[in-house]
Amino acid sequence: MRLNGEIHGENEEDEEEQSYLVRGVGFNHPQKLVVGYGLTSKKKKSFLQPKLLALARSKGIFFVAIDLNRPLTEQGPFDILLQKLAGNEWCNEIEGYKHEHPEVTVLDSPKAIQHLHNRQSMLRDVADLDLSDYHGKVGIPRQLVITKDPSSIPFEVTKSGLSLPLVAKPLLVDGTAKSHELFLAYDQFSLQELEPPLVLQEFVNHGGVLFKVYIVGETIKVVRRFSLPDVTKRELAEVAGLFRFPRVSCAAATADEADLDPSIAELPPQPLLERLAKELRHRLGLRLFNIDMIRKLGTRDVFYVIDINYFPGYGKMPDYEHVFTDFLVSLMQNKYKKRPAT
């Protein structure tokens, strides 16, 4: 099995995948939990850190690299398939393994993940949510999709009624650094310099702070990240052109320890986050993702979701080792509880 040339059967070096049993992890009997993973080299390096692997072993969890040069059905057996790879061939491999091993838990369905590879479709499930009973309002910025002919962008922007400034993002999210590049446009004519397909979103002033909401099953963790600065009316009147920003909300841009205005730094209400996460888990059919949210400047309870990412950089999430291993153990506990007594 060779998938898009991304990974060629890399077996993780000596991840101590020895076959010994570990007791006391909440199962009805001694149990080893085997997690087969199909991840890019970059994702493996950031996620499978030594501290996570050591804690996992102490709980009887063993991560085993999937050899992408061999059929998946010839490997295992696995209790859980943890994966973030794309392509029809990989999707078929997962479906074939699931057919032969219906007891396996797949994190998550490749078809469901595909939904988040397009910035037009990823936010649809947020647009019609009504969370007004949960201490806040959540929506998405007004946006416009451009698939071709950059020369038509000024006309399309005028026609749609979008207000400047505009954030331009690549339409497709393919895991590359380029797919996370942003441009801020102060005048619509400069947008002709961009390469479609892309999404244009109205820029919402938000105090320069973004909330990164990590979802791991039913667990929610929120961190603050510095974001694009607010745009004043004076700047909008005097500045023209396109301004490029690399990935905005990286861990190096953490704002958790910064001295911020409390009205900007205050985290979104927990009931709102819990309901939002529950709705999106159900609508997206995913258990591992994160939501990028901003609060409209000058408000306390008006939020916008600007991006959703599958299997984000959990290595940057506080206490991710415990959160993730507890999640994996809970999946197996729930599975054993559902089994009929013998």
Side-chain angles (χ1 to χ4, degrees), residues 4 6 40 42 84 86-87 112-128 138-206 208 210-212 225-231 235-236 239-250 253 280 284 286 289-294 296 303-313:
N4 301 330
E6 285 184 307
T40 63
K42 181 180 178 182
K84 188 183 180 180
I113 296 170
Q114 188 67 32
H115 190 67
L116 297 187
H117 289 171
N118 183 302
R119 284 195 166 95
Q120 181 180 22
S121 61
M122 75 162 58
L123 298 182
R124 275 191 196 133
D125 291 300
V126 181
D128 62 348
V138 179
I140 64 172
R142 295 178 64 204
Q143 63 181 33
L144 173 68
V145 175
I146 304 291
T147 57
K148 55 185 178 180
D149 189 12
S151 65
S152 70
I153 296 179
F155 171 76
E156 294 296 334
V157 168
T158 301
K159 179 182 172 183
S160 68
L162 291 187
S163 300
L164 295 165
L166 297 173
V167 179
K169 306 177 181 181
L171 177 63
L172 302 180
V173 183
D174 58 9
T176 63
K178 186 175 177 62
S179 69
H180 291 281
E181 284 185 349
L182 305 182
F183 289 86
L184 187 61
Y186 286 84
D187 70 281
Q188 56 183 271
F189 294 102
S190 61
L191 290 167
Q192 298 177 86
E193 302 170 24
L194 294 171
E195 296 180 19
L198 55 88
V199 173
L200 301 177
Q201 286 183 347
E202 284 189 340
F203 180 76
V204 178
N205 281 339
H206 54 283
L210 175 147
F211 302 106
K212 215 159 187 64
R225 295 276 189 263
F226 284 117
S227 179
L228 300 181
D230 294 335
V231 176
E235 287 175 327
L236 190 56
V239 179
L242 278 178
F243 293 83
R244 175 184 172 276
F245 295 88
R247 193 174 195 132
V248 173
S249 59
C250 65
L280 289 181
L284 298 173
L286 299 172
F289 60 97
N290 88 281
I291 308 162
D292 288 348
M293 291 179 67
I294 57 175
K296 185 177 181 180
F303 299 92
Y304 291 93
V305 173
I306 56 175
D307 251 326
I308 304 174
N309 304 290
Y310 181 69
F311 204 134

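By convention here, the first residue in the shown sequence is residue 1.
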With side-chain contact (heavy atoms from CB on, under 4.5 Å) as the criterion, how do Leu286 and Leu116 come out once you've worked through the C-alpha distance, each side chain's angles and the decisive distance to 0.1 Å? CA-CA 10 Å; Leu286 299 172; Leu116 297 187; 3.6 Å; yes
Would you confirm whether [X], through its side chain, and [Y], through its main-chain N or O, come within 3.5 Å as a donor-acceptor pair?
X      : Y      : answer
Asp292 : Lys212 : no
Arg142 : Ser160 : yes
Glu202 : Pro141 : no
Arg119 : Pro170 : yes

Between Leu200 and Val167, is a side-chain contact (heavy atoms from CB on, under 4.5 Å) present by the stated rule, with each step listed? CA-CA 6 Å; Leu200 301 177; Val167 179; over 6 Å; no
Just how far is it from atom [atom1] of [X] to atom [atom2] of [Y], taken to the nearest 0.5 Å?
X      : Y      : atom1 : atom2 : result
Glu181 : Leu194 : CD    : CG    : 10.5 Å
Leu162 : Ile153 : CG    : CD1   : 11.5 Å
Asp307 : Leu210 : CG    : CG    : 9.0 Å
Arg124 : Leu284 : CZ    : CG    : 12.5 Å
Leu198 : Gln143 : CG    : CD    : 11.0 Å
Asn309 : Asn290 : CG    : CG    : 4.5 Å

Walk me through whether Leu123 and Val305 qualify under side-chain contact (heavy atoms from CB on, under 4.5 Å). CA-CA 8 Å; Leu123 298 182; Val305 173; 3.8 Å; yes
Which heavy atom in [X] sits nearest to a heavy atom in [Y], and how many Å separate them?
X      : Y      : answer
Ala86  : His117 : CB-CE1, 4.1 Å
Ile308 : Val126 : CD1-CG2, 4.1 Å
Leu242 : Ala185 : CD2-CB, 3.5 Å
Glu235 : Asp230 : OE1-O, 3.6 Å
Gln120 : Val199 : N-CG2, 4.4 Å
Phe303 : Phe211 : CE2-CE1, 4.5 Å

Test side-chain contact (heavy atoms from CB on, under 4.5 Å) applied to Lys84 and Thr40, step by step: CA-CA 7 Å; Lys84 188 183 180 180; Thr40 63; over 6 Å; no
Apply the side chain to side chain contact (heavy atoms under 4.5 Å, CB included) test between Gln201 and each candidate in Leu166, Leu144, Ile306; give the one that qualifies. Ile306
If you define the side chain from C-beta out and look only at heavy atoms, does anything of Asp149 sit under 4.5 Å from Pro196? no
Should Val231 and Leu184 count as side-chain neighbours, where that means a heavy-atom distance under 4.5 Å? yes
Do you know which of Phe203, Tyr186, Phe183 makes ring pair (Phe, Tyr, Trp, His ring centres under 6.0 Å) with Phe243? Tyr186
